[in-house]
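Each remark here refers to the structure printed beneath this line.
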2 protein chains.
Amino acid sequence: MAERSRRASRPSGDDRQEAILVTTEALLQSRDFDSLSIDELAKGAGISRPTFYFYFASKEAVLLALLDRVIRQVEDRVGALSREFEADPASAWRRSIAAFVEVFSEHRAVATAAMAVRSRNVEVHDLWSRSMLSWVDYTAEVIEAERARGAAPAGLHSRDLAASLNLMNERVLLAAANGEHPAVTAGAELDVLVDVWVRSIYGVIPTSH
Amino acid sequence: MAERSRRASRPSGDDRQEAILVTTEALLQSRDFDSLSIDELAKGAGISRPTFYFYFASKEAVLLALLDRVIRQVEDRVGALSREFEADPASAWRRSIAAFVEVFSEHRAVATAAMAVRSRNVEVHDLWSRSMLSWVDYTAEVIEAERARGAAPAGLHSRDLAASLNLMNERVLLAAANGEHPAVTAGAELDVLVDVWVRSIYGVIPTSH
DNA sequence: GATTTAATCAACACCGTGTCGAGTGAAGTG
DNA sequence: CACTTCACTCGACACGGTGTTGATTAAATC
């Protein structure tokens with residue numbers, strides 16, 4: 001990690017950039033994003049504070065790069081999934097939600113930092129917003145399709161339902177990942193989310209007799 | 001607001017404390033909590049920055065006081081509600097959720113700031129956590145009671161379901177209050193939330209034929 | 001009127017950010 | 001092989017916000 005193969009007296013710029021990213025994610029495992037100083041990130045990457053600014057405009061820009069990677073990872077996994085809902089809808093929803101759950105828990109630190117920072121940083125806010133939007137769009141489309149083929153009963157405006165369910169996932173997973181209270185029992189997140197999704201989308205309320 | 005009735009050459013301490021709270025909530029209508037400086041809060045209350053510290057230990061302490069008031073307000077409203085679910089469960093849930101929705105939108109700025117700050121401030125985090133916990137407890141109790149009387153089918157661990165639904169409300173209302181994207185259509189929040197709650201708690205998934 | 005108590009603020013020490021400008025060495029150019 | 005260029009580096013500075021100290025004032029109480 002420290003030296004390149006054909007000894008270069010200085011590590012290359014790409015190495016440094018990567019070192020900053022690695023250091024930041026490592027520090028985020030145990031520390032609050034706000035409590036990190038640029039000096040620490042620089043030191044961790046073996047450079048001075050001014051040099052940090054050669055690679056990134058700010059702490060937030062580092063987080064943005066980390067978040068971008070995480071989001072691409074979810075997109076890759078969700079994109080690789082089959083779009084087959086007819087045979088077993090519950091399992092199909094489960095697979096989609098699982099992609100989300102896995103990446104969220106693998107990159108807990110980045111996700112948590114991003115959620116904390118988005119309220120004051122437009123770039124982080126917009127990046128996250130954009131992916132949420134695309135998941136909501138996808139969810140709403142599937143709900144419509146399920147209603148069209150008669151598998152799901154008519155109900156709420158599908159985009160509103162889709163937005164609520166996706167926002168629930170975001171919040172529930174964040175709470176679980178950080179051991180907040182209240183939170184869903186550790187390990188049960190996926191089961192609980194799938195159940196609420198399936199009941200809200202397909203569920204019928206028994207008529208009072 | 002500036003002077004007291006029987007002219008006191010200085011407004012009393014209580015007035016000043018209140019002025020800081022009022023100024024802060026006013027500034028929060030249009031500005032990010034992080035972007036507020038203590039100097040602004042002090043100036044807004046007609047005092048100097050050091051004097052601010054006579055009343056509050058930090059910006060966060062001011063927010064904590066504001067949040068405390070908001071939470072009490074929700075508790076008062078929810079406490080005044082009838083606990084009668086037998087006759088019309090959907091309406092009963094709607095009334096509870098409505099209390100939440102109303103206070104959240106009346107004090108949008110405080111709620112938003114509190115959500116943004118909780119990740120780095122233990123006091124704010126704990127205060128919010130504690131109220132969420134009490135609402136989750138209440139929700140879980142009612143779900144159990146509804147199952148016991150046969151109104152709701154058996155299902156998920158009630159506390160996990162209760163936690164998910166309450167976390168959904170928190171996130172959906174925050175997104176709606178701030179005009180985020182994605183968010184639930186403005187004005188439809190209550191209808192959507194109630195629908196998801198009722199379906200998740202009472203809903204039955206039609207068996208495939 | 002003397003004393004206590006609440007309230008006030010100028011001045012200071014501190015810390016993190018972001019910038020500027022001078023420097024260094026490796027790689028390309030005539 | 002001199003010389004220019006370019007990617008990279010950092011010491012030193014200016015700035016802005018925080019939190020504290022200690023002296024000061026004015027009302028309240030005795």
Side-chain angles (χ1 to χ4, degrees), chain A residues 1-24 27-28 31-65 113 116-117 119-124, chain B residues 1-24 27-28 31-65 113 116-117 119-124:
Chain A
M1 197 190 283
E3 286 305 68
R4 218 131 174 53
S5 43
R6 284 185 294 93
R7 79 217 130 81
S9 59
R10 278 190 220 164
S12 88
D14 282 356
D15 286 344
R16 249 80 219 254
Q17 178 138 346
E18 187 59 28
I20 294 173
L21 291 167
V22 169
T23 299
T24 306
L27 288 174
L28 282 176
R31 305 251 311 278
D32 195 350
F33 181 78
D34 298 298
S35 78
L36 304 180
S37 73
I38 289 179
D39 199 43
E40 289 180 279
L41 306 190
K43 289 261 168 60
I47 54 178
S48 70
R49 203 169 55 79
T51 300
F52 169 93
Y53 288 99
F54 182 81
Y55 295 104
F56 292 99
S58 63
K59 276 201 297 182
E60 283 76 17
V62 179
L63 181 60
L64 193 70
V117 164
S119 64
R120 22 154 186 156
N121 183 273
V122 227
E123 284 85 13
V124 170
Chain B
M1 197 190 284
E3 287 303 68
R4 219 138 173 48
S5 42
R6 283 183 295 93
R7 82 219 127 82
S9 59
R10 278 192 221 162
S12 87
D14 281 356
D15 286 343
R16 248 81 220 253
Q17 177 138 345
E18 187 59 27
I20 294 173
L21 291 168
V22 169
T23 299
T24 305
L27 288 173
L28 282 176
R31 303 253 311 278
D32 195 350
F33 181 79
D34 298 299
S35 78
L36 304 180
S37 73
I38 289 178
D39 199 44
E40 289 180 280
L41 307 189
K43 288 262 168 59
I47 55 179
S48 70
R49 203 170 54 79
T51 300
F52 168 93
Y53 288 98
F54 182 82
Y55 295 104
F56 292 99
S58 62
K59 275 201 297 183
E60 283 74 18
V62 179
L63 181 60
L64 193 70
V117 164
S119 64
R120 26 155 180 152
N121 183 274
V122 227
E123 285 83 13
V124 170

Evaluate side chain to side chain contact (heavy atoms under 4.5 Å, CB included) for Val62(A) paired with Lys59(A), printing each intermediate quantity in order.
CA-CA 5 Å; Val62(A) 179; Lys59(A) 276 201 297 182; 5.7 Å; no
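Atom P of nucleotide dA7(C) and atom CG of Asp14(B) are separated by 8 Å, given to the nearest angstrom. Whole-Å rounding puts the Asn121(A) CG to dT17(C) C1' distance at 15 Å. dC8(D) atom C1' lies 13 Å from atom CD of Gln17(A), rounded to whole Å. Spacing between atom CZ of Phe56(B) and atom C1' of dT18(D) amounts to 17 Å, rounded to whole angstrom units. With rounding to whole Å, Ile47(B) atom CD1 is found 9 Å from dT8(C) atom C1'. In this entry the distance linking NZ of Lys43(B) with C1' of dG17(D) reads 12 Å, nearest Å. What separates CZ of Phe54(B) from C1' of dT21(D) is a distance of 15 Å, to the nearest Å. The nearest whole Å value for the distance from the CZ atom in Phe52(B) to the C1' atom in dG17(D) is 13 Å.
Residues passing the side-chain contact (heavy atoms from CB on, under 4.5 Å) test with Ala61(B), sequence neighbours excluded: Phe56(B), Ser58(B). Evaluation of the side chain to side chain donor-acceptor pair (under 3.5 Å) rule for Asp34(A) yields Arg120(A) as partners, not counting sequence neighbours.
For the atom pair Phe52(B) CZ and Ile38(B) CD1, the distance stands at 5.0 Å (nearest 0.5 Å). With values rounded to the nearest 0.5 angstrom, Thr23(B) atom OG1 is found 9.5 Å from Glu18(B) atom CD.
Regarding contacts with the backbone of dA7(C), every side-chain N or O of Thr51(B) stays at 4.0 angstrom or more from both OP1 and OP2. Look at Ser48(B) and you'll find a side-chain N or O under 4.0 angstrom from OP1 or OP2 of dC9(C). Between dT8(C) and Arg16(B), a contact under 4.0 Å exists linking OP1 or OP2 to a side-chain N or O.
Closest approach of Tyr55(A) to Ile20(A), counting heavy atoms only: CB-CD1, 3.9 Å. Annotation for Asp32(B) and Ser119(A): closest pair OD2-O, 3.7 Å, computed over non-hydrogen atoms.
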List the atom pairs, donor and acceptor, that lie under 3.5 Å between side-chain atoms in residues 39-50 of chain B and the rest of the protein, sequence neighbours left out.
unit_1: Asp39(B); atom_1: OD2; unit_2: Lys43(B); atom_2: NZ; d: 3.1
unit_1: Glu40(B); atom_1: OE1; unit_2: Arg31(B); atom_2: NH2; d: 3.0
unit_1: Glu40(B); atom_1: OE1; unit_2: Ser37(B); atom_2: N; d: 3.0
unit_1: Glu40(B); atom_1: OE2; unit_2: Arg31(B); atom_2: NH1; d: 3.0
unit_1: Glu40(B); atom_1: OE2; unit_2: Arg31(B); atom_2: NH2; d: 3.3
unit_1: Ser48(B); atom_1: OG; unit_2: Thr51(B); atom_2: OG1; d: 3.2

Where do N or O atoms of nucleotides 11-14 of chain C meet protein N or O atoms at under 3.5 Å, pair by pair?
none

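Listed candidates were dT17(C), dT9(D), dT8(C). Nearest to the side chain of Tyr53(A) is dT17(C).
At least one donor-acceptor pair under 3.5 Å links the side chain of Asn121(A) to the backbone N or O of Val124(A).
Non-hydrogen atoms lying under 4.0 Å from DNA chain C are contributed by Ser37(A), Ile38(A), all within residues 33-41 of chain A.
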